[in-house]
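All figures in this text were calculated on a predicted structure; none of them were measured in a lab.
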Amino acid sequence: DTAVSQTPKYLVTQMGNDKSIKCEQNLGHDTMYWYKQDSKKFLKIMFSYNNKELIINETVPNRFSPKSPDKAHLNLHINSLELGDSAVYFCASSQAYWGGTEAFFGQGTRLTVV
Amino acid sequence: DAKTTQPNSMESNEEEPVHLPCNHSTISGTDYIHWYRQLPSQGPEYVIHGLTSNVNNRMASLAIAEDRKSSTLILHRATLRDAAVYYCILRDANSGGSNYKLTFGKGTLLTVNP
């Protein structure tokens, strides 16, 4: 069983479209995250959720809207896609948010906006 | 966030030990030292973490300097599968919104030669 799974793995879409990426974790974790890895390979936090509540929104454009229907899911919806949104998006989860716990990452969703 | 400094790249030969250094001179007393790695085309993967004492697990060992201003990730016998970017990250043990994330730097690209 995959601990943190994301769908789809690849997503190619046109500018201006709206798309969603789904994430599910079966680890029973309380905290979930979205990270973005750009073409230069920098990994940046976008959002953190704890028990379905938004904790961190790291200056992400409001075209990006995370939604956590329950603790096991954190989906990412993106409106009006732009070329600069092309990147790999990683979902992750951890038992808690504090320093002594490890995070588990999904395999990523490669988004290409054309 | 407390910062870490790692070499951009390192090379090793297969089946030899690898010592990956990390400097964190501004570490606070409550910061855990985490190591993650990212294999090509995969999500980041937890390797090991520690606070003050050296740690061992099935993947690696973590040696922490007595003053905690530096640490070393040790891969005892490198394999081709260990070729990846290795990230050294500090994470505070205390609660607080800023802790709801892992802050990734550039990491060290490890090349393993057959």
Side-chain angles (χ1 to χ4, degrees), chain A residues 2-7 9-10 21 23 25 27 29-38 40-60 66 68 74 87-110, chain B residues 1-2 4 6 8-9 24 27-53 55 57-60 62 64 68 71 84-110:
Chain A
T2 304
V4 181
S5 58
Q6 299 177 225
T7 53
K9 191 170 180 181
Y10 300 97
I21 306 172
C23 178
Q25 53 96 1
L27 299 166
H29 288 167
D30 290 335
T31 307
M32 295 187 73
Y33 316 80
W34 277 109
Y35 282 82
K36 177 181 179 181
Q37 188 166 41
D38 60 23
K40 294 184 178 178
K41 304 295 185 184
F42 289 120
L43 269 160
K44 283 188 169 182
I45 183 73
M46 298 175 68
F47 301 103
S48 292
Y49 268 73
N50 190 58
N51 284 323
K52 302 193 300 174
E53 287 190 26
L54 178 66
I55 303 297
I56 285 183
N57 178 343
E58 200 83 343
T59 59
V60 177
S68 182
L74 181 62
V88 182
Y89 292 84
F90 291 100
C91 177
S93 74
S94 62
Q95 177 56 45
Y97 55 83
W98 57 276
T101 61
E102 63 262 38
F104 295 81
F105 284 78
Q107 289 301 296
T109 296
R110 182 174 293 278
Chain B
D1 294 325
T4 63
Q6 300 176 251
N8 288 334
S9 61
H24 27 78
I27 191 170
S28 76
T30 54
D31 281 332
Y32 277 83
I33 302 159
H34 285 246
W35 283 83
Y36 284 76
R37 71 180 184 180
Q38 188 174 20
L39 278 65
S41 301
Q42 294 194 27
E45 175 186 32
Y46 167 79
V47 178
I48 201 167
H49 76 276
L51 185 60
T52 56
S53 303
V55 184
N57 66 20
R58 64 174 179 81
M59 288 181 72
L62 175 59
I64 302 172
R68 300 210 325 125
S71 61
V85 178
Y86 287 78
Y87 299 97
C88 171
I89 301 168
L90 301 183
R91 201 169 185 197
D92 199 322
N94 292 323
S95 62
S98 64
N99 296 325
Y100 281 82
K101 61 181 177 181
L102 289 164
T103 300
F104 288 84
K106 295 181 183 179
T108 296
L109 175 63
L110 176 65

*Asks:* Between Tyr33(A) and Ser94(A), is there a side-chain donor-acceptor contact under 3.5 Å, judged purely by atom types and distance?
*Replies:*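 Looking only at side-chain atoms, Tyr33(A) and Ser94(A) do form a donor-acceptor pair, the distance falling under 3.5 Å.
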
*Asks:* Check whether any side-chain N or O of Thr4(B) sits under 3.5 Å from a backbone N or O of Cys88(B) as a donor-acceptor pair, and report yes or no.
*Replies:*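 At least one qualifying donor-acceptor pair exists.
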
*Asks:* Side chain, backbone, both or neither: which part of Phe47(A) has a heavy atom under 4.5 Å from chain B?
*Replies:*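 Phe47(A) has no heavy atom closer than 4.5 Å to chain B.
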
*Asks:* Counting only N and O atoms by type, is there a donor-acceptor contact under 3.5 Å from the side chain of Arg68(B) to the main-chain atoms of His24(B)?
*Replies:*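 No, because the side chain of Arg68(B) does not come within donor-acceptor range (under 3.5 Å) of the backbone of His24(B).
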
*Asks:* Using non-hydrogen atoms only, which part of Ile45(A) is less than 4.5 Å away from chain B: side chain, backbone, both, or neither?
*Replies:*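 Contact with chain B: side chain only.
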
*Asks:* Who wins among Lys41(A), Arg110(A), Gln107(A) for the most heavy-atom pairs under 4.5 Å with chain B?
*Replies:*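 The candidate making the most pairs under 4.5 Å is Gln107(A).
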
*Asks:* May I ask you to decide if Gly108(A)'s main-chain N or O and Gln6(A)'s side chain share a donor-acceptor pair within less than 3.5 Å?
*Replies:*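 Looks like yes, one N/O pair under 3.5 Å.
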
